[in-house]
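Residues: numbered from 1 along the sequence shown.
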Amino acid sequence: CEREFNAKNILLFIVACCSACLCGINVSSIAAVLPDVQVDLGTDLVMASWVMSIYSLITYPSMIMIGRIGDLIGHKQAVIASCATFAIGSIGAALAPSVWMIILFRAIQAIGGGGLPTSCMSLVGVLFPKNRHKMMGFAVNVFPLAQIIGSNFGVLVTKLTGTWRGIFWVNVAVMVLAILAFLLFMPNGKRNENVSIKQLDFLGAALMCGAVCFLMLAITKFKNITKGVDSSLLFQIILFFAFFVALAVLFVLRVRTARHPIVDRELLFNKRFGSVTIFFFIYGFVALGMAQMIPTFAQKVYGFSSDMAAAVVLVKGIGWFLCGLVIAALIKKLGYRIPLLLIIAIIALSYLIIGLMSRPTDFIPVTVSDYFTHYLWLFVVAFVLGAGSGCASPTMTNVAVDLMPENIGTIYGVTAAFRQIGSTLCVPIVTVIVAVFGENYAGGFRVVYIVMTVLMLLCVPFVFQMPKAPASPNQAIRKGLH
């Protein structure tokens, strides 16, 4: 323990957390200043929205790809490459003269933006092998911080620098400092001496990226159903989904035959890891996806202002951060199954309460007193939901990594990507369901929240397919897969 908790490791831990947090901040900070981007570049809202969409399209496959590269050639190399790519994309976006150029450089930035959380979390596990469960649990708590400060960060930097481009220059400055820290203080660590960059399965990586991108495009088009259904839209959705299925099948076949596949064969075809992945997907869909709908629910059903709807999200983020710290500190004592079952109970009960309380009302809150007099329950439920997510973050991260700790990057990348894809898939589906109810938003959200309650409860059997408690460093490294 004394060797692990030295000045260099603590510094690297802080740098890794800040780097990962910055990637999360970049999503909401750019969203907050998107109207400024649209006006400055003289484009329409549809094109400007691709500044956001392209980042999501590339980030998810990048999580998996960079995680695997780190496992094969070294996490130090992976994190430095991710920082450099993120910085190059940020420089290009800051200097972009047109919307097409900023979309191109946002795509480059997204490669690093997907790789950084994966490689940074992997570094934490490598730096603190004896205290991996606790330190990785603390590290994943940067993500609720990113959620809390993201949009405010974008607005603040824009005001201080006089332009939205200042957000990207802040990225560059942070990445340069991070690269210097990793170069100077990060040990090279272990790598697979039998694998070189040229031997990596780039064809498999391309197939995986293509599959995820077409899935995301199908999801993006699906959202447009609320504006009206026509044959052209349905054709596009079906076509994109067909491409996704075809490329996904080709990717699985490629994993079976490649010498160094982009996803470890033992993981991809293992039932226990499959249970973990499904749990991550459902959790992403139910917990994280529906969390994005809370402001819409508060505004449409109860007439919340945008500021007070954002305050509900803030309360949820605070509950997430505080509970995450507690669970990370106690994870070895609590084990995995108690927190996992607690997560399911908290989220299911909270959604059931919101669903049952979702009723039409003519009362429109005006003062802060109005909000807390009539809707204090919603703020309380939001905090409890956040606490549930706080239980989830350190527990789910560690339960996945314990399956194969020597492939920490691959496991974190795959599970995080499935969680985020589930989250992204939730929003358009919920939007379409609520739209079916027309102006009866309360009725639509009531149905959605009750369905989400049932989905969360369906996760219970998967919990008993996972490791019961954290593995000690002296246990067999592949214990969780057998």
- Going through the checks in order, is the salt bridge (charged side-chain N to carboxylate O under 4.0 Å, His left out) test met by R132 and D402? CA-CA 10 Å; R132 169 172 58 81; D402 265 359; 2.6 Å; yes
- Item | Least distance between heavy atoms, N141 atom then G324 atom | ND2-C, 3.2 Å
- Query: With Q465, which residues qualify under side chain to side chain donor-acceptor pair (under 3.5 Å), at least two apart?
  - Reply: none
- Please test L385 against I354 for side-chain contact (heavy atoms from CB on, under 4.5 Å), starting from the C-alpha separation and ending with a verdict. CA-CA 11 Å; L385 270 173; I354 294 176; 4.2 Å; yes
- Task: Would you mind reporting whether F383 and C323 have side-chain heavy atoms less than 4.5 Å apart?
- Result: no
- Can you name the closest pair of heavy atoms from V124 and A139 and give their distance? CG2-CB, 4.2 Å
- Considering only heavy atoms from C-beta outward, does the side chain of M466 approach that of F279 to under 4.5 Å? yes
- Relative to each other, are the rings of F240 and F214 parallel, tilted or perpendicular (30° and 60° limits)? tilted
- Hey, can you tell me if F297 and Y449 have their rings parallel, tilted or perpendicular (30° and 60° cut-offs)? perpendicular
- Mind listing the closest non-hydrogen atom pair of R165 and A93 along with its distance? NH1-O, 3.8 Å
- Query: Are the side chains of M357 and L378 in touch, meaning some heavy atoms are under 4.5 Å apart?
  - Reply: no
- Message: Just verifying a value: how many Å separate T118 OG1 and L123 CG, rounded to the nearest 0.5 Å?
- Response: 11.0 Å
- Measure from the ring center of Y283 to the ring center of F280 and say whether it is less than 6.0 Å. no
- Would you check if the side chain of T277 reaches a backbone N or O of F273 as a donor-acceptor pair within less than 3.5 Å? yes
- Task: Measure up the Y302 and W377 rings against each other and bin them: parallel (under 30°), tilted (30 to 60°), perpendicular (over 60°).
- Result: perpendicular
- Task: Go through L322 and V326 one step at a time and tell me if the side-chain contact (heavy atoms from CB on, under 4.5 Å) criterion holds.
- Result: CA-CA 7 Å; L322 295 177; V326 174; 6.0 Å; no
- Query: Rounded to the nearest 0.5 Å, how far apart are CD1 of I327 and NE2 of H133?
  - Reply: 14.5 Å
- Query: Judged by atom type as modelled, is there a donor-acceptor pair below 3.5 Å linking the side chain of R68 to the main-chain atoms of V414?
  - Reply: no
- Query: Heavy atoms, side chains only, cut-off 4.5 Å: are R272 and P467 in contact?
  - Reply: yes
- Please walk me through it: do Y351 and V454 pass side-chain contact (heavy atoms from CB on, under 4.5 Å)? CA-CA 10 Å; Y351 281 173; V454 175; over 6 Å; no
- Query: Between P394 and M136, is any pair of side-chain heavy atoms under 4.5 Å apart?
  - Reply: no
- Item | Contact check, side chains of M63 and F418, non-hydrogen atoms, under 4.5 Å | no
- Message: To check you understand the geometry: which heavy-atom pair defines the closest contact between V142 and A20, and what is its length?
- Response: CG2-CB, 4.3 Å
- Query: Say you draw a straight line from CD1 of I338 to CD1 of I331; how long is it, rounded to the nearest 0.5 Å?
  - Reply: 11.5 Å
- Message: For F445, run the side-chain contact (heavy atoms from CB on, under 4.5 Å) check against I450, N440, V434, I433 and tell me which one passes.
- Response: V434
- Just how far is it from atom CG of L156 to atom CD1 of I167, taken to the nearest 0.5 Å? 10.0 Å
- Please lay out, stage by stage, how L425 and F281 fare under the test side-chain contact (heavy atoms from CB on, under 4.5 Å). CA-CA 10 Å; L425 186 62; F281 178 81; 3.7 Å; yes
For residues 98-109, which side-chain donor-acceptor pairs fall under 3.5 Å, sequence neighbours excluded?
| unit_1 | atom_1 | unit_2 | atom_2 | d |
| --- | --- | --- | --- | --- |
| S98 | OG | M101 | N | 3.3 |
| R106 | NE | V51 | O | 3.0 |
| R106 | NH1 | Q109 | OE1 | 2.8 |
| R106 | NH2 | V51 | O | 3.4 |
| Q109 | NE2 | N26 | OD1 | 3.2 |
| Q109 | NE2 | S90 | OG | 3.0 |

- Query: Of all heavy-atom pairs between C391 and I343, which one has the smallest distance, and what is that distance?
  - Reply: CB-CG1, 3.6 Å
- Message: How long is the straight-line distance from OG1 of T453 back to CG of L458, given to the nearest 0.5 Å?
- Response: 11.0 Å
- When you measure from the side chain of S62 to the backbone N and O of I111, does any donor-acceptor pair fall under 3.5 Å? yes
- Nearest atoms (heavy-atom pairs only) where F251 meets G204: CD1-O, 3.4 Å
- Would you find a donor on one side and an acceptor on the other, under 3.5 Å apart, between the side chain of T395 and the backbone of L340? no
- Looking at OG of S19 and CG of N171, how far apart are the two atoms once the value is rounded to the nearest 0.5 Å? 10.5 Å
- Task: Count the heavy atoms belonging to other residues, nucleotides or ligands that lie under 6.0 Å from CZ of F241, then report whether that count exceeds 12.
- Result: no
- Indicate yes or no: at least one non-hydrogen side-chain atom of V448 is less than 4.5 angstrom from one of M290. yes
- Item | Other residues, nucleotides, ligands: >12 heavy atoms within 6.0 Å of F437 CZ | yes
- Are the side chains of F244 and V212 in touch, meaning some heavy atoms are under 4.5 Å apart? no
- Query: Can you check whether F138 and F13 have ring centres sitting under 6.0 Å from each other?
  - Reply: no
